Undergrad: 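Before I ask anything, here is the structure I am working with.
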Amino acid sequence: MRTNPPTAKETVSDLLAGIKGEVLTDSYSLGIYATDASIYQIFPIAVVLPKNEDDVKKALEWANKNQVTILPRGGGTSLAGQTVGKSIVLDFSKYMDQTLEVNTKERWVRVQPGKVRDVLNEELAPLGLHFAVDPATSSRANVGGMVGNNSSGTKSILYGKTVDHVLEATVLLADGTRLHLKKTDPDTYQEIADQDSREGEIYRNFKKIISKNRERIEQKFPKVMRRVGGYNLDEFIHTSNWNLAKLITGSEGTLATTLELKLNLEPLPQFKSVCVLHFKQLLDAVGAVTSILPYQPSAVEILDKIVVDLSRENLTTKRHCHFIQGDPAAILIVEFYGETLADVMDRPTQMIKELQEKGLGYAFPLFPQGPEYEDVWVVRKKGLGLMLGIKGKKKPLPFIEDAGIPTQHLREYIDRTLQICKKHQTEVAMYAHVSVGVIHVRPILDLRQQTDIERLEAIAEDTFNLVMEYGGSWSGEHGDGLVRSPFNERFFGKELYQAMIQVKRLFDPENRMNPGKIVEAESMSKNLRYGSHYKDQDLDSVFHYRSEQSFQESVHMCTGVGECRKLLGGTMCPSFKATRDEEHTTRGRANALRMAMSGQLDEKGISSERLQETLSLCLSCKACKSECPSNVDMAKMKSDVMQWYYDANGASLRDKMIRDAAKMAKRFSGILAKPINSIQSSPLFRKSLEKIAGFDSRRTLPAYATQTFYQWFNKNGENQPKTGKKVALFADTYLNYHEPSIGKAAVKLLNECGYEVVLANVGCCQRPKISHGFLREAKKEGGATVEKLLSFIDEGLPVLVCEPSCASALNDDFPDLLDEKEVAAKLKENVMMIDVFLAREMEKGNLSVKLRSKGADLRIHGHCHQKALYGTQAMKSSLKEPSSCTEIPSGCCGMAGSFGYEKEHYSLSEKIGEEVLFPEIRKTPKESELVACGFSCRHQIAHFTGKTAKHWVECVEVIPV
């Protein structure tokens, strides 16, 4: 069962006073740091985000003074529980993340431990170099964590493990001793060992440990390359030039705290290709690896049917799954590197020929480097999160998945492992590095059930014995942590295990550094995130959570893999990218929700003010619904939590004003527009509004239209072509009462495409109420809107929407609010973005026209909901010359409905936009047309850049084909 927060917390006042970075001590912060991507949970004592080495030293001094332990942590993506413990957690990811020095001639880089691997490689790419170790979590994995774990990844057959690339390490011991570890020749090593110092003591006694145990190390350490269990004692028996940085690597923070790392760099490959082998039988795929390896691939990865099927369903990955043919039981992704294009195409071609001759596989698509190549790797890298996000109470769990088996035994091992799981009545999912004998087999269990906890232990025991039988490694990639450390004494033998304890005590005699990992661990079933006593609060949600099964199960879909911590590309998670705070990741919010609804934080539970604070920087962008491999829909859950909060605490004036935005728009547009616009733009009004309701006075509320769109349409709607082809245009609040020019442009565009437009002026989509938590009112009032929309849908008319947030309200949110499943299905199928409709009509051959940009070219910023749910491709593919349209890789603009208007969020709103969007807009040529389909996006762009963005329908025109 989980470990609860300490009842008598040690005072941290002196720690707070001495640290220049941040110190977190409240129950919510500790709860958020109590888990990683593993099955474990332990509340820390405090969390320190050090700004510099001096902060680290002060934290260590405080820990020694107060006799508490230290746990270094980076991205917190550990699958084995290395980064949870009742300790002072040092999170290096926010501040100590700098690249300190690059030497291109000697091919090395010096970095701080919080540097993210993919960010580092983006910096190195112009130099033709990269840090080659490639774990699936590379978009958020900190280099310090990769060293602590001795990570490897998809390219290990070519590049090995992290230990093969660590050149030097600067570390602090628990007692404050600073060591600079690097390769030393025997004479230099002895000189250091002869010194009367802490460093000399370590060098001297470590040499004795190796000398005494050399034969055992040779005998007991597995002979497979993928071995990361225990301490790396085998790095010191086949060389006379010792480097203790190799010992720190893979030590999981149990020996020292890393301050700086010097890493080897590799040249970027000149040419790449990837071949996807399809198999009707899983074991045939596993067995094929021995035929593949002679062709010298850089990676061979397996995805089983579960992961393949999930990839085809996930909102993000399904767009990339074009290469999957038929219904395979498994696919192998085989990658090749080479110096020429001919080389990376010829080798796989010969491999395919041999496999066909042997009757192995049924489809073999082959792609050189390019968009299709990248699609394959998107699906592979998302595989872990997709698998962990399986819906339902049972989840694929990481506990036997790290075994590294000699490849000649791999097929038999997998067959027998599947039989073990079948014996224990447990289904499995699997993926990963078949090239090096590490197939991640995940038994699917619910650790809230005592029977499944017992299955966890029984399956682990049986599989461990199997790994020993084949001479494999129990820890092949993801490390020992809390899950595999309990097996180390049996795995290495008592003598060698005692040697590892001696190493631990030599570096850390007071057991201050991340205790309970590698040596002297508790049972693998202790400190579980869940347990047989775990119980969620009964909650009556407004959303049905049909696909997730319940609000609670929606929360539990987050498994902690941390995709929401990525810093490059995509939209998720805007507030984390700006703040770098774990609390403002989707994972942090999900952890807070889980602990609040299970009573682990404060007595108020789900209606807590502190929980609202945790959710306050969620912009409801919906990026997590698609970019999170588990499809965690934080925007939906936030709405329900806000409703519960209002039920318990009431709503503020600002909340109510946002709730009633559509009613005010209807009331103030038209004849009242001019005086209202004049009043709300005045400094006195804006200052008063800031004081009364908390809307930032630097903002001006959106102006109202003097003539509404429906008024214009009533006068002009008869002047349309009568072609027999009709569509319904949804008159959303923004189009209707603020920017009728968009509605006019939409009607003109549709008319020129041959469609007669019927106006669906049926009321508000309820987006403000949905996003701001007034769900019961949204359901009640939106019901009337839906009922009116059905009259158009039942007539056979598609309902077209211009505003992305309104489209998402109608065909994503509202279907899960409705009680009638049939009506929900009709909304999902028949309400769509206008650009998506036109692109589909062109694909079906129903349109004999194409579109072109009215200006020189289009620069598109996609609305968050648009990117998450519908994509932006339709705006480009419908153009005769798609190359005339460029999408800004912009993430979120930072406005997010009312978020950017709120005084406390103004600066963050600006910072989010400044991440990518605003600088890109400022570089946009004057002759380019700036496109933003989102009402909020256009206002944000105008406010901070002075540039005018238009809706897509205003920027394109029809040309005959």
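Keep in mind that this is a model prediction, so the values were computed, not measured.
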Undergrad: Establish, from distance only, whether the side-chain atoms of T585 and R589 form a donor-acceptor pair under 3.5 Å.
TA: no
Undergrad: Is K638 salt-bridged to D640, going by a charged N under 4.0 Å from an acidic O?
TA: no
Undergrad: Has Y33 got a side-chain atom pairing as donor or acceptor with L24's backbone, closer than 3.5 angstrom?
TA: no
Undergrad: Take a 6.0 Å sphere around CD of E122 and say whether it holds more than 12 heavy atoms from other residues, nucleotides or ligands.
TA: no
Undergrad: I need the minimum non-hydrogen distance between A809 and R767, along with the two atoms involved.
TA: N-NH2, 3.1 Å
Undergrad: Do the side chains of K867 and E627 get close enough for a salt bridge, i.e. N-O under 4.0 angstrom?
TA: no
Undergrad: Should the heavy atoms of other residues, nucleotides or ligands under 6.0 Å from NZ of K950 be counted, would the total exceed 12?
TA: no
Undergrad: I'd like to know if the side chain of N591 pairs up with that of T35 as donor and acceptor (distance under 3.5 Å, no hydrogens or angles considered).
TA: yes
Undergrad: Using 0.5 Å steps for rounding, measure from the OG1 atom of T785 to the CZ atom of F814.
TA: 7.0 Å
Undergrad: Would you give the length of the straight line joining atom CG of L701 to atom NE2 of H939, rounded to the nearest 0.5 angstrom?
TA: 10.0 Å
Undergrad: Within a strict 4.5 Å, meaning less than it, do heavy atoms of the K903 and F695 side chains meet?
TA: no
Undergrad: Would you find a donor on one side and an acceptor on the other, under 3.5 Å apart, between the side chain of D581 and the backbone of H584?
TA: no
Undergrad: Shortest non-hydrogen contact from P815 to K828?
TA: CG-CG, 3.8 Å
Undergrad: Salt-bridge test for R610 and E583: reply yes if a basic N is under 4.0 Å from a carboxylate O, no otherwise.
TA: yes
Undergrad: I need the M146 CE to L120 CG distance, nearest 0.5 Å.
TA: 9.0 Å
Undergrad: Do F730 and V831 come within less than 4.5 Å of each other through their side chains, counting heavy atoms only?
TA: no
Undergrad: Hey, are the side chains of L858 and S928 touching, using non-hydrogen atoms and a 4.5 Å cut-off?
TA: no
Undergrad: Classify the ring geometry between Y646 and F774 as parallel (under 30°), tilted (30 to 60°) or perpendicular (over 60°).
TA: parallel
Undergrad: Taking the six-membered ring for Trp and the single ring otherwise, decide whether the centroids of Y734 and H951 are under 6.0 Å apart.
TA: no
Undergrad: Check whether NZ of the Lys or CZ of the Arg R73 lies under 6.0 Å from the centre of the six-membered ring of F92 and within 45 degrees of that ring's axis.
TA: no
Undergrad: Side chains of E829 and N811, heavy atoms from C-beta outward: is any pair under 4.5 Å?
TA: no
Undergrad: side-chain contact (heavy atoms from CB on, under 4.5 Å) between L397 and R442: does it pass, once the steps are laid out?
TA: CA-CA 5 Å; L397 302 182; R442 297 287 181 93; 5.7 Å; no
Undergrad: Could D97 and R580 be called an ion pair, given the rule that one side-chain N must be under 4.0 Å from one carboxylate O?
TA: yes
Undergrad: Could I get the full list of side-chain hydrogen bond (donor to acceptor under 3.5 Å, both in side chains) partners for D536, not counting sequence neighbours?
TA: Y534, H556
Undergrad: Is the shortest distance from a Lys or Arg side-chain nitrogen in R859 or E929 to a carboxylate oxygen in the other one below 4.0 Å?
TA: no
Undergrad: Give a yes-or-no answer on whether the side chains of T872 and Q866 include a donor-acceptor pair shorter than 3.5 Å.
TA: no
Undergrad: Are H905 and F899 an aromatic pair by the rule of ring centers under 6.0 Å?
TA: yes
Undergrad: Can you tell me which residue among E803, H865, K622, K625 is in a side-chain hydrogen bond (donor to acceptor under 3.5 Å, both in side chains) with S808?
TA: H865
Undergrad: Identify whether the distance between the nearest side-chain nitrogen and carboxylate oxygen of K769 and E777 falls below 4.0 Å.
TA: no
Undergrad: If you define the side chain from C-beta out and look only at heavy atoms, does anything of Y545 sit under 4.5 Å from Q552?
TA: no
Undergrad: Closest heavy-atom contact between V84 and A34?
TA: CG1-O, 3.1 Å
Undergrad: Run the side chain to side chain donor-acceptor pair (under 3.5 Å) check on R565 and T137 step by step: do they pass?
TA: CA-CA 10 Å; R565 288 182 59 94; T137 56; over 6 Å; no
Undergrad: Check whether any side-chain heavy atom of S575 sits under 4.5 Å from a side-chain heavy atom of C573, and report yes or no.
TA: yes
Undergrad: Please walk me through it: do L619 and I912 pass side-chain contact (heavy atoms from CB on, under 4.5 Å)?
TA: CA-CA 11 Å; L619 279 69; I912 290 170; 3.9 Å; yes
Undergrad: Please tell me if the side chains of M637 and V555 come closer than 4.5 Å, counting only heavy atoms from C-beta onward.
TA: yes
Undergrad: Rounded to the nearest 0.5 Å, how far does CE of M895 lie from NE2 of H863?
TA: 11.0 Å
Undergrad: At what distance, to the nearest 0.5 angstrom, does CZ of F935 lie from OG1 of T733?
TA: 9.5 Å
Undergrad: How would you list, by chain and number, every residue that makes a salt bridge (charged side-chain N to carboxylate O under 4.0 Å, His left out) with E563, sequence neighbours excluded?
TA: R140, K382, K566
Undergrad: Are F551 and F543, when compared by the centres of their aromatic rings, separated by less than 6.0 Å?
TA: no
Undergrad: If the threshold is 4.0 Å, N to carboxylate O, is there a salt bridge linking K94 and E22?
TA: yes
Undergrad: Shortest non-hydrogen contact from V641 to I606?
TA: CG1-O, 3.7 Å
Undergrad: Hey, is K923 close enough to E920 for a salt bridge, meaning N to O under 4.0 Å?
TA: yes
Undergrad: Have Y901 and D696 got a donor and an acceptor in their side chains that come within less than 3.5 Å?
TA: no
Undergrad: Quick one: which of I324, T317, V379 gives a side-chain contact (heavy atoms from CB on, under 4.5 Å) with R312?
TA: I324
Undergrad: Could you check if a side-chain atom of V542 sits within less than 4.5 angstrom of a side-chain atom of W644, using non-hydrogen atoms only?
TA: no
Undergrad: Got a salt bridge between E123 and K115, using NZ or NE/NH1/NH2 to carboxylate O under 4.0 Å?
TA: yes
Undergrad: Quick check: closest heavy atoms across I742 and R938, and the distance to 0.1 Å?
TA: CD1-NH2, 3.1 Å
Undergrad: Any luck finding a side-chain donor-acceptor pair between Q41 and R594 under 3.5 Å?
TA: yes
Undergrad: Please find the pair of heavy atoms, one from I860 and one from K876, that lie closest to each other, and give the distance.
TA: CD1-CG, 4.3 Å
Undergrad: Could you tell me whether R117 and D134 have a side-chain N and a carboxylate O separated by less than 4.0 Å?
TA: yes
Undergrad: Rounded to the nearest 0.5 Å, what's the gap from NE2 on H861 to OG on S890? Could you check?
TA: 4.5 Å
Undergrad: Have S898 and E902 got a donor and an acceptor in their side chains that come within less than 3.5 Å?
TA: yes
Undergrad: If you apply the rule side chain to side chain donor-acceptor pair (under 3.5 Å), what do you find for R529 with T559, and how did you get there?
TA: CA-CA 11 Å; R529 183 189 300 192; T559 56; over 6 Å; no
Undergrad: Should D816 and K636 count as an ion pair when the cut-off is N to O under 4.0 Å?
TA: yes
Undergrad: Less than 4.0 Å between a side-chain N and a carboxylate O, is that true for R546 and E553?
TA: no
Undergrad: Could you go through K395 and M557, starting from their C-alpha distance and side-chain angles, then the distance that decides it, and tell me whether this counts as side-chain contact (heavy atoms from CB on, under 4.5 Å)?
TA: CA-CA 9 Å; K395 304 290 182 184; M557 282 169 62; 4.1 Å; yes
Undergrad: Apply side-chain contact (heavy atoms from CB on, under 4.5 Å) to the pair Q766 and K779, showing each step before the final yes or no.
TA: CA-CA 8 Å; Q766 307 301 312; K779 182 175 181 178; over 6 Å; no
